[in-house]
Structure formats: structure tokens, C-alpha cells
Student: 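Right, I'll just put the structure down here and ask away after.
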Amino acid sequence: MAETSKRRQKKERVYRSFVWQKPLPAKKTSLQSPLKLWLESFKFCRRNLRPFAVLAVGFFIAALVLLFSGGGNESLIAIRDEFSQRYGAGFAGEVSTSLAMLSESVNALVNRLTQSFGWFVILNLFAGLSVLWLIRNLYRPDRGRKVKIREAVYFGPAQLVPFAALGLLLLLQLLPSLIVADFGAQLRENGVLQTNLEQAAAVAVILSFVALSFYWLAGGVFSLIIVSLPGAKPFDAWQTALHLVHRRRLPAAGRLFLFGAGATLAVCLLALPVGRLLPQWSEHFIYLASSCFFVVGHIYCFLLYQDLLTAKTLN
């Protein structure tokens, strides 16, 4: 009686080889739209504004000491005055001056970072690992204690060597596009690309290689999130990321591209009035705004990574 009274379970449908049957229904999963990821990233940042702000300001102060030596670039004031005389007054002149100053400020910042490239790389490695540690611990809904900001700096960079090794591997994927771009620049300087058609063809080839490199990097970005876990190995993180973006590499790459394009546009728009009014501090402002989007970008990638994990688990 005990056996007959047990509730019978419905037999589970499975695939059988060489048997004609209808395909099993699969759960349809899709990634969040880029706009929703943007909004969720800003919401997450706003909910945890204090720890992210303290961490960003701390690393910005370190950048002031190591990269900028604490002072402004007074030479940009003379360049601003020269552009003002060249383009004149009026709305069109102000716009032209602001755009020219934006280009000069970016070039000055790139030159400054190139001169202190070693400190720049080390600072960004520590900042990236600390931000990832903070995001992961703030994202967990079952955390039982308050997350301390100093712990992000203490324990986040513990995976510095695997993180740097994997980052170097990702940079190697950019070599094809860099080689093609350098080859195209040499052809143009030597007068080989003379007609507009030849130049357009060269630009199309370069852009195709850049798009291919970015497509390869789409999976590598998530391997950096995985390798930041304690005890993670670079090659294992690389394989896991490739499995994670399988058949979803193109949507993931599109969302990463849209974030990069949107963040770049936002930084440029914010830096336009600063370059016109306070040119000596425009480099610092561009770096500070980029640091803020550096934090938001890590949140954006982490949320996209969580979407990929959910989609892979349900399928």
C-alpha cells in the first residue's frame, strides 16, 4: 500500500538517437538592451555612490601625484587665446575654438600619459581590480556584513599577476589591426595611395581589421572579470569566457561598442566648456570624467556578464 500510494512522477522527455520526435521546447533568453544596461549601471552606481566615489577620488588623487605632478598645463591658455584670435567671436567662432581646444587637450593628455606610461598601467590595474572586487561584493544580495572600501584596495589586487597576464594576451589580439593601420599610413606617406578610391579601399580594410579585433575582444573582456576571482587562472578564465559568449559574441560586442561610443561622446561634450573657460585644467577634467566612466563601465560589463551567465544557465 505504501508503494502504490506514492505519487507517480511524469516521465521526463529526453532526446533519443535515431527517433523521430519534435524538438524539446527551450527557454528563450535574451540580453538586456544597451539602454537598459546603461540605466541599470547608473542605478547601481547611485545606490552605492559613496564607496564608488571614494574609490574614484582616491585613485584620481594618486593620478595627480604620479601622472600630473599636481599642477596644470599653463601652455594651453596661450593656445586657447591663439584659437580665439584665429576663429573670431560669435557662436561659430566659440564652437570652433572649443572643438580645437578639445583636440589639443586630448593630445596633451595622451602625451602626458605616454611619458608616465608605467605608472598609468600600474594605477589602472590596481583601480580595475579594486572596482571589480567592490562591485562583486556590493552585488551579492546575501552579504551579511557591511562592505568596507579599504578592503577593496587590500584584497582586490590579489589577482594582479593573472589579471595582467590576461590583459597582455588581449592586447596581442589588437596586433593585426595595428599592423594594418601602420602599413596603410606608410603607403599614404610614400604616395602609393593617391586617388580617393584607393584611400577609401585602404580605410575599409583597416576598419574591417579593427572590427575583427574588437569582435575577438568581446569575449576577452569577461575573462578579466572571471580572472579577478580569488584563485582563478588566466587560461581557465579565457576558456570560460569563450564558452560564455558562444553564439552571443556579436550581441555582446555590440553592447560593449555602444557603451564605449556613448562614454566617449559624453566625456567630449562635458569637456568642451572646460577647455574653453579653464584650459589649464582641461586635461585633469578629461581624466576625472574618464575615471567616472571607468567605474560605470566596469558596472556595465559586470551586469552584462551576469546576463550572459543567466542566459547560459537557462539554455
Student: Check each of Phe259, Phe257, Phe294 against Tyr300 using the ring-ring contact (aromatic ring centres under 6.0 Å, His included) test, and report the only one that passes.
Tutor: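 One option only clears the test, and that one is Phe259.
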Student: Atom OH of Tyr287 and atom SG of Cys292: how far apart are they, to the nearest 0.5 Å?
Tutor: 11.5 Å
Student: Less than 4.5 Å apart, any side-chain heavy atom of Pro279 and any of Glu104?
Tutor: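 No, too far: nothing below the 4.5 Å cut-off.
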Student: What heavy-atom pair brings Ala241 and Ile226 nearest, and what distance separates the two atoms?
Tutor: N-CD1, 3.9 Å
Student: Starting from Val106, can I reach Ile77 by hopping between I/L/V/M/F/W/Y residues whose side chains sit under 4.5 Å apart?
Tutor: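 Unlinked, Ile77 and Val106 end up in two clusters.
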Student: Evaluate the side-chain proximity of Leu66 to Ser116: yes if any heavy-atom separation is below 4.5 Å, no if none is.
Tutor: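 No - every pair of side-chain heavy atoms lies 4.5 Å or more apart.
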Student: Please determine whether side chain to side chain contact (heavy atoms under 4.5 Å, CB included) holds for the pair Leu109 and Phe68, giving the CA-CA distance in whole Å, both sets of side-chain angles, and the decisive distance to 0.1 Å.
Tutor: CA-CA 9 Å; Leu109 178 61; Phe68 295 95; 3.7 Å; yes
Student: Please check if Leu64 and Val110 belong to a single hydrophobic cluster, counting links between Ile, Leu, Val, Met, Phe, Trp and Tyr side chain heavy atoms closer than 4.5 Å.
Tutor: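 Yes, it is one cluster - the side chains of Leu64 and Val110 are joined through contacts under 4.5 Å.
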Student: Whether the side chain of Arg276 engages the backbone of Leu272 through a donor-acceptor N/O pair (distance < 3.5 Å, no angle test) should be reported.
Tutor: no
Student: OG1 of Thr97 to CD of Gln85: how many Å apart, nearest 0.5 Å?
Tutor: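 Answer rounded to 0.5 Å: 10.5 Å.
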Student: Taking all atoms of both residues into account, what is the closest heavy-atom pair of Leu76 and Glu283, and its distance?
Tutor: CD1-OE2, 4.0 Å
Student: Below 4.5 Å, heavy atoms only, C-beta onward: do Leu256 and Cys301 meet side chain to side chain?
Tutor: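 Yes; the side chains approach each other to less than 4.5 Å.
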Student: How long is the span from the CG atom in Leu278 to the CZ atom in Arg80, to the nearest 0.5 Å?
Tutor: 8.5 Å
Student: Under 4.5 Å between side-chain heavy atoms, hopping through other hydrophobics if needed: is there a path connecting Leu265 to Trp38?
Tutor: yes
Student: With side chains defined as the heavy atoms from C-beta onward, is the minimum distance between Gln306 and Leu309 less than 4.5 Å?
Tutor: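 Counting from C-beta outward, Gln306 and Leu309 do come under 4.5 Å.
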Student: Applying side chain to side chain contact (heavy atoms under 4.5 Å, CB included), run through Phe293 and Thr264 and close with a yes or a no.
Tutor: CA-CA 9 Å; Phe293 280 101; Thr264 303; over 6 Å; no
Student: Which value, rounded to the nearest 0.5 Å, describes the distance between Asn48 atom CG and Ile299 atom CD1?
Tutor: 7.5 Å
Student: Where do Leu129 and Leu160 come nearest, in terms of heavy atoms and distance?
Tutor: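 Smallest heavy-atom distance, with atoms named: CD1-CA, 3.6 Å.
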Student: Report the C-alpha distance between Phe59 and Val131 in whole Å, list the side-chain angles of each, state the deciding distance to 0.1 Å, and finish with yes or no for side chain to side chain contact (heavy atoms under 4.5 Å, CB included).
Tutor: CA-CA 11 Å; Phe59 280 106; Val131 170; 5.8 Å; no
Student: Between Phe302 and Tyr305, how do the two ring planes meet: parallel, tilted or perpendicular, split at 30° and 60°?
Tutor: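 Rings of Phe302 and Tyr305: tilted, 30 to 60°.
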Student: Backbone N or O of Leu229 within a donor-acceptor pair of the Gln159 side chain at under 3.5 Å?
Tutor: yes
Student: Please report the interatomic distance CG(Leu31) to CG(Leu303), rounded to the nearest 0.5 Å.
Tutor: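 Separation between the atoms: 12.0 Å.
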Student: Taking all heavy atoms of Pro157 and all of Ala152, pick out the closest pair and write down the distance.
Tutor: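 What the structure gives for the nearest pair is CD-O, 3.6 Å.
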Student: Side chains of Arg47 and Leu138, heavy atoms from C-beta outward: is any pair under 4.5 Å?
Tutor: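 No - every pair of side-chain heavy atoms lies 4.5 Å or more apart.
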Student: Hydrophobic clusters here meaning ILVMFWY residues chained together by side-chain heavy-atom distances under 4.5 Å, can you tell me if Phe126 and Val121 are in one?
Tutor: yes
Student: Report whether Leu123 and Phe117 are members of the same hydrophobic cluster (ILVMFWY, side-chain heavy atoms less than 4.5 Å apart, transitive linking).
Tutor: yes
Student: Is there side-chain contact between Pro51 and Val147, with heavy atoms separated by less than 4.5 Å?
Tutor: no
Student: Where do Phe83 and Leu99 land on the side chain to side chain contact (heavy atoms under 4.5 Å, CB included) test, with the steps shown first?
Tutor: CA-CA 10 Å; Phe83 283 140; Leu99 291 175; over 6 Å; no
Student: Tell me the closest heavy-atom pair linking Tyr87 and Ala100, and the distance in Å.
Tutor: CE1-CB, 4.2 Å
Student: Under 30°, 30 to 60°, or over 60°: which ring-plane class applies to Phe52 and Phe44, parallel, tilted or perpendicular?
Tutor: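 Because their plane-to-plane angle lies in the 30° to 60° range, the rings of Phe52 and Phe44 count as tilted.
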Student: Over 60° means perpendicular and under 30° means parallel, so classify the ring planes of Trp133 and Phe155, tilted if in between.
Tutor: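 Correct class here is tilted.
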Student: Could you walk me through whether Arg86 and Glu82 pass the salt bridge (charged side-chain N to carboxylate O under 4.0 Å, His left out) check?
Tutor: CA-CA 6 Å; Arg86 181 186 304 177; Glu82 180 182 350; 3.2 Å; yes
Student: Please find the pair of heavy atoms, one from Val267 and one from Ser290, that lie closest to each other, and give the distance.
Tutor: CG1-OG, 4.1 Å
Student: A side-chain contact here means heavy atoms from C-beta on lying under 4.5 Å apart; do Val221 and Leu304 qualify?
Tutor: no
Student: Measure the shortest side-chain to side-chain distance between Leu37 and Asp307 over non-hydrogen atoms and say whether it is less than 4.5 angstrom.
Tutor: yes
Student: Rounded to the nearest 0.5 Å, how far does CZ of Arg255 lie from OG of Ser33?
Tutor: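 Between atom OG of Ser33 and atom CZ of Arg255 there are 7.0 Å.
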